[in-house]
Colleague: 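Can you read through this structure? Questions will come right after.
Along the sequence shown, the residues carry numbers beginning at 1. Values reported hereafter were calculated over all heavy atoms of this structure, with side chains retained and with hydrogens, waters and symmetry mates removed.
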Amino acid sequence: MRVSTDIGGTFTDLTAIARDGTVLFGKSHSTPPNFEQGILNVLESSNINHAEIESFVHGTTTIINALTERKGVTTALLTTKGFRDVLEIARSNRPDLFNIGFAKPEPFVPRHLRREVEERTDYKGREITPVCTRDIDAAVEYFKSEGVKAIAVCFLHSYANSAHEDETVAHVRKIWPEVHITNSAAITKEWREYERTSTTVLNAYVMPVASVYVNSLEEKLCDARLGGRKFIMQSNGGATTFAQAKQTPIHMVESGPVAGVFGAALLGEMIGLSNIIALDVGGTTAKCSLITDNRVNIITNYKIEHNDRNAGYPIMAPVVDIVEIGNGGGSIAWIDETGSLKVGPKSAGAVPGPVAYGRGGTMPTTTDACLLTGRLSPANFDNDVDLGKVEEAVASKVGAPLSLNTAEAASGIIRVAESNMLNALKLISVRKGHDPRDFSLIAFGGGGPMHCASLAAELGIKTVVVPVAAAVFSAWGMMMTDLRHDYLKTSICRTLDVTLDFLNNEWQQLEDAAHAQLLAEEVADAAIVMEYSVDMRYMGQEHTVKVSAPPAPWSSEQRQTIIDKFHSSHEKNYTFKLPETPTEIVNFHLTAFGKTEKPTVKEIDVPQTVLQDCVTEERKVCLTGDTFMNVPVYDRQKLWAGAVLKGPGIVEEVSASTLFYAGQTLQVDKYGNLIITLEG
């Protein structure tokens with residue numbers, strides 16, 4: 001049996017697949033701040049025999065929470081003499097150009113903890129000035145007096161030659177073995193000083209937090225006699241070992257959300273969809289990502305806390321391209337100073353949660369609104385719902401200030417929440433030059449099935465898929481992942497001016513590093529698969545376009561093919577190409593996979609019956625305004641492959657409800673996925 005768990009801000013999800021393809025899933029409330037307890041709770045409630053587990057994959061929000069909530073440790077920075085303020089100078093490009101009150105984000109390392117070391121290499125990695133260990137000794141003594149717990153080391157041009165950083169790390173560990181230390185070359189060998197420094201600092205800032213969390217999780221799993229190999233989900237869509245996760249925790253910054261996107265790509269392959277918008281609506285956030293030709297888009301210019309008013313903090317690590325907003329089932333509805341209704345980004349979380357949870361919550365949320373409009377049933381909550389308290393919260397906090405009755409107020413909350421989600425979907429599609437009508441929507445998370453049909457109608461999307469176990473789909477995606485490591489190296493060269501030996505030697509260095517790491521992680525040589533890509537640009541340009549490349553070693557013909565692909569990609573991205581202009585390779589990018597055996601997904605075996613036998617009730621549901629209508633509610637567990645339902649209707653399961661409207665048809669495929677099609 002393969003098991004995966006995904007910790008969210010509100011719920012902890014579990015999915016398990018046995019060798020015969022039988023799928024089990026579970027869900028329990030998250031347990032902040034001791035999130036690992038939530039994993040043990042959901043394992044227990046799912047009645048899984050721990051001895052039968054041969055593979056365990058885990059996704060967590062611990063790292064992103066530590067960053068956004070500033071719950072890391074006191075961190076210091078060692079950098080090249082003269083470059084102490086790179087972290088604070090940052091970039092001059094401002095997201096809000098005309099905001100005279102704009103302020104740059106405050107660095108995670110204050111200036112007094114940023115110390116310089118006399119050393120220097122040039123842009124080709126050649127030593128100019130050796131490392132002055134006296135500067136390191138003095139800095140370490142000062143850091144000790146200031147209560148520093150972690151040190152980041154980022155020297156100029158260390159992406160070309162990391163010898164000085166390696167020497168510094170070794171020296172610090174010799175004189176201060178207790179401190180956590182990160183050097184930039186261990187995280188990335190891609191250029192750009194500010195982004196590289198920021199990434200190294202953020203990794204150091206959360207390294208002690210990650211170590212405590214992973215060690216505690218590992219200890220509790222061991223105490224619970226959970227067998228098999230254990231992995232943690234990374235932001236690049238692959239998994240890594242517990243040991244590696246403690247060294248490079250920044251690679252877990254979007255650990256949980258990316259698994260759902262990766263799962264959506266795999267599901268698309270299974271059912272014949274190649275262009276997909278993945279939508280994950282959880283308890284705290286809504287996340288979406290674009291998948292083209294079944295390929296998940298990976299970027300290395302990710303930023304946290306970035307929006308139209310805030311420049312954010314760059315992370316130069318491979319991350320699935322995701323747009324994330326603070327809108328989920330637990331998002332709080334409130335009235336701003338202008339009298340407008342807002343939903344999110346603040347969430348009720350797991351504690352106290354929505355009013356309906358009965359844990360002391362008093363502010364109305366999207367979940368409460370869905371309950372009052374009949375979209376959710378009180379019977380599917382794991383507590384006795386006090387509808388009177390839910391009505392009072394919506395009426396007093398939203399209805400009264402806006403002079404609306406309770407049903408209108410609840411409908412308004414849902415409309416605002418869906419408007420926020422719609423904007424996120426446009427950011428990932430329309431704003432990037434893609435027509436959403438050319439894509440299918442795969443919706444998951446506890447809230448995705450509830451809102452997907454309405455959002456698809458707004459965008460003109462014709463096909464919507466609600467997968468099996470939609471509420472825990474991110475955990476399902478984790479089970480289908482391979483071990484993955486990305487190796488990027490900046491080596492700027494004119495594509496046609498360098499020899500093939502030079503290009504192939506660059507690849508060979510990356511391949512050797514990949515083989516060594518995967519073999520150390522007990523991956524068989526036959527299971528290692530590599531993918532190649534390069535970041536290219538025209539001579540004179542600043543930024544690049546990523547181009548997929550054939551396996552090394554390259555021939556002259558393959559080199560020309562790559563140049564031709566770059567011209568086409570540049571034209572697709574920027575509407576023009578310059579075929580007479582020389583091209584340059586900036587970064588070599590090798591992705592190494594340790595392929596794992598994938599569990600077989602079993603087709604559903606539900607006997608065909610009449611639809612009326614699948615109807616649990618006719619429920620009064622408010623779809624617009626304050627008008628209620630009788631809507632049939634179907635039990636998802638009783639629907640057979642090939643069953644066809646006409647909207648409006650609700651397909652209900654314990655952890656999610658799928659709502660579809662008049663003019664929409666829902667069909668069950670052979671795996672049990674719900675396929676909603678829109679007419680017209």
Colleague: Between I7, V472, V3, T12, which is the residue that forms a side-chain contact (heavy atoms from CB on, under 4.5 Å) with V42?
Modeller: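 Among I7, V472, V3, T12, the one that satisfies the side-chain contact (heavy atoms from CB on, under 4.5 Å) with V42 is T12.
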Colleague: Report the relative orientation of the aromatic rings in F108 and Y313; use parallel for angles under 30°, tilted for 30 to 60°, perpendicular for over 60°.
Modeller: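 Plane angle over 60°, so perpendicular.
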Colleague: Under 3.5 Å, sequence neighbours excluded: what are the donor-acceptor pairs made by side chains of residues 318-325?
Modeller:
residue: D321; atom: OD1; partner: K432; partner atom: NZ; Å: 3.4
residue: D321; atom: OD2; partner: N297; partner atom: ND2; Å: 3.3
residue: D321; atom: OD2; partner: K432; partner atom: NZ; Å: 2.6
residue: E324; atom: OE2; partner: T285; partner atom: OG1; Å: 3.4

Colleague: Would the number of heavy atoms belonging to other residues, nucleotides or ligands and lying under 6.0 Å from CG of D605 be above 12?
Modeller: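 Counting neighbours around CG of D605, 12 or fewer heavy atoms of other residues, nucleotides or ligands fall under 6.0 Å, so no.
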Colleague: What residues form a salt bridge (charged side-chain N to carboxylate O under 4.0 Å, His left out) with K389, not counting sequence neighbours?
Modeller: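 Partners of K389 by the salt bridge (charged side-chain N to carboxylate O under 4.0 Å, His left out) criterion come out as none, since no residue qualifies.
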Colleague: Do side-chain atoms of T367 reach the backbone of G329 as a donor and acceptor pair under 3.5 angstrom?
Modeller: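 Judged by distance alone, yes, a pair lies under 3.5 Å.
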Colleague: Are K220 and E44 within salt-bridge range, i.e. N to O under 4.0 Å?
Modeller: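 E44 and K220: not salt-bridged.
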Colleague: Just jot down the side chain to side chain donor-acceptor pair (under 3.5 Å) partners of S184, sequence neighbours excluded, or say none.
Modeller: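 By the side chain to side chain donor-acceptor pair (under 3.5 Å) rule, S184 matches S158, E165, R196.
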Colleague: Side chain to side chain donor-acceptor pair (under 3.5 Å), that's the test. Do T61 and N65 meet it? Break it down for me.
Modeller: CA-CA 6 Å; T61 56; N65 289 346; 3.2 Å; yes
Colleague: Between the side chain of N310 and the main-chain N/O of G312, is any donor-acceptor distance below 3.5 Å?
Modeller: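 Confirmed, N310 side chain pairs with G312 backbone.
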Colleague: For residues 21-30, pull every pair meeting salt bridge (Lys or Arg N to Asp or Glu O under 4.0 Å), keeping only residues two or more places apart or in separate chains.
Modeller: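 Residue pairs passing salt bridge (Lys or Arg N to Asp or Glu O under 4.0 Å), neighbours aside: D13-K27.
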Colleague: So, does N203 use its side chain to make a donor-acceptor pair with the main chain of I250 at under 3.5 Å?
Modeller: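 Flag set: sc N203 to bb I250 pair under 3.5 Å.
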Colleague: For K287, enumerate each residue passing the salt bridge (charged side-chain N to carboxylate O under 4.0 Å, His left out) test, keeping only those at least two apart in sequence or located in another chain.
Modeller: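 With neighbours one apart ignored, the set is empty.
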Colleague: Tell me, please, which residues at least two apart from R636 pass salt bridge (charged side-chain N to carboxylate O under 4.0 Å, His left out).
Modeller: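 Once residues adjacent in sequence are excluded, the partners of R636 under the salt bridge (charged side-chain N to carboxylate O under 4.0 Å, His left out) criterion are E653.
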Colleague: What residues form a salt bridge (charged side-chain N to carboxylate O under 4.0 Å, His left out) with E603, not counting sequence neighbours?
Modeller: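 Applying salt bridge (charged side-chain N to carboxylate O under 4.0 Å, His left out) to E603 gives K670.
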Colleague: Among T248, V201, T199, I187, find the one that has a side-chain contact (heavy atoms from CB on, under 4.5 Å) with T182.
Modeller: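 Single side-chain contact (heavy atoms from CB on, under 4.5 Å) partner of T182 among T248, V201, T199, I187: I187.
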Colleague: Residues in side chain to side chain donor-acceptor pair (under 3.5 Å) with T463, at least two apart?
Modeller: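 So T463 forms no side chain to side chain donor-acceptor pair (under 3.5 Å) with any residue.
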Colleague: Determine whether the side chains of N215 and E219 contain a donor N or O and an acceptor N or O closer than 3.5 Å.
Modeller: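 The criterion, which ignores hydrogens and geometry beyond distance, is not satisfied for E219 and N215.
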Colleague: With sequence neighbours excluded, tell me which residues meet side chain to side chain contact (heavy atoms under 4.5 Å, CB included) with A369.
Modeller: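 Scan of A369 (side chain to side chain contact (heavy atoms under 4.5 Å, CB included), adjacent residues dropped) gives A410, I413, I414.
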Colleague: With side chain to side chain contact (heavy atoms under 4.5 Å, CB included) as the test, would you mind laying out the steps for Y357 and T365 before giving the verdict?
Modeller: CA-CA 11 Å; Y357 286 4; T365 65; over 6 Å; no
Colleague: Counting only pairs under 3.5 Å, give me each side-chain donor-acceptor contact of residues 475-484, with atom names and distances, residues two or more places apart or in other chains.
Modeller:
residue: T481; atom: OG1; partner: M478; partner atom: O; Å: 2.7
residue: D482; atom: OD1; partner: T596; partner atom: N; Å: 2.9
residue: D482; atom: OD1; partner: T596; partner atom: OG1; Å: 3.3
residue: D482; atom: OD1; partner: K598; partner atom: NZ; Å: 2.4
residue: D482; atom: OD2; partner: K595; partner atom: NZ; Å: 3.2
residue: D482; atom: OD2; partner: K598; partner atom: NZ; Å: 3.4
residue: R484; atom: NE; partner: D486; partner atom: OD1; Å: 2.9
residue: R484; atom: NH1; partner: N236; partner atom: O; Å: 3.3
residue: R484; atom: NH2; partner: D486; partner atom: OD2; Å: 3.1

Colleague: Looking at L376, is its backbone amide N or carbonyl O close enough to the side chain of S657 to form a donor-acceptor pair, meaning the two atoms are under 3.5 Å apart?
Modeller: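 Checking the backbone N and O of L376 against the side chain of S657, no donor-acceptor pair under 3.5 Å is found.
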Colleague: Could you point out which residue of E521, Q244, H251 forms a side-chain hydrogen bond (donor to acceptor under 3.5 Å, both in side chains) with H485?
Modeller: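 Testing each of E521, Q244, H251 against H485, the sole residue satisfying side-chain hydrogen bond (donor to acceptor under 3.5 Å, both in side chains) is E521.
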Colleague: For R70, does the CZ atom have more than 12 heavy-atom neighbours from other residues, nucleotides or ligands under 6.0 Å away?
Modeller: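 Buried by this count: over 12 neighbours within 6.0 Å.
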Colleague: Looking at residues at least two apart in the chain, or sitting in another chain, which of them share a ring pair (Phe, Tyr, Trp, His ring centres under 6.0 Å) with F439?
Modeller: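 Ring pair (Phe, Tyr, Trp, His ring centres under 6.0 Å) check on F439 returns H434.
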Colleague: List the atom pairs, with distances to 0.1 Å, where a side-chain N or O of residues 252-274 and a protein N or O form a donor-acceptor pair under 3.5 Å, not counting sequence neighbours.
Modeller:
residue: E254; atom: OE2; partner: Y302; partner atom: OH; Å: 2.4
residue: S255; atom: OG; partner: T60; partner atom: N; Å: 3.2
residue: S255; atom: OG; partner: M233; partner atom: O; Å: 2.8

Colleague: Is D384 atom CG crowded by more than 12 heavy atoms from other residues, nucleotides or ligands, each under 6.0 Å away?
Modeller: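 No, not enclosed.
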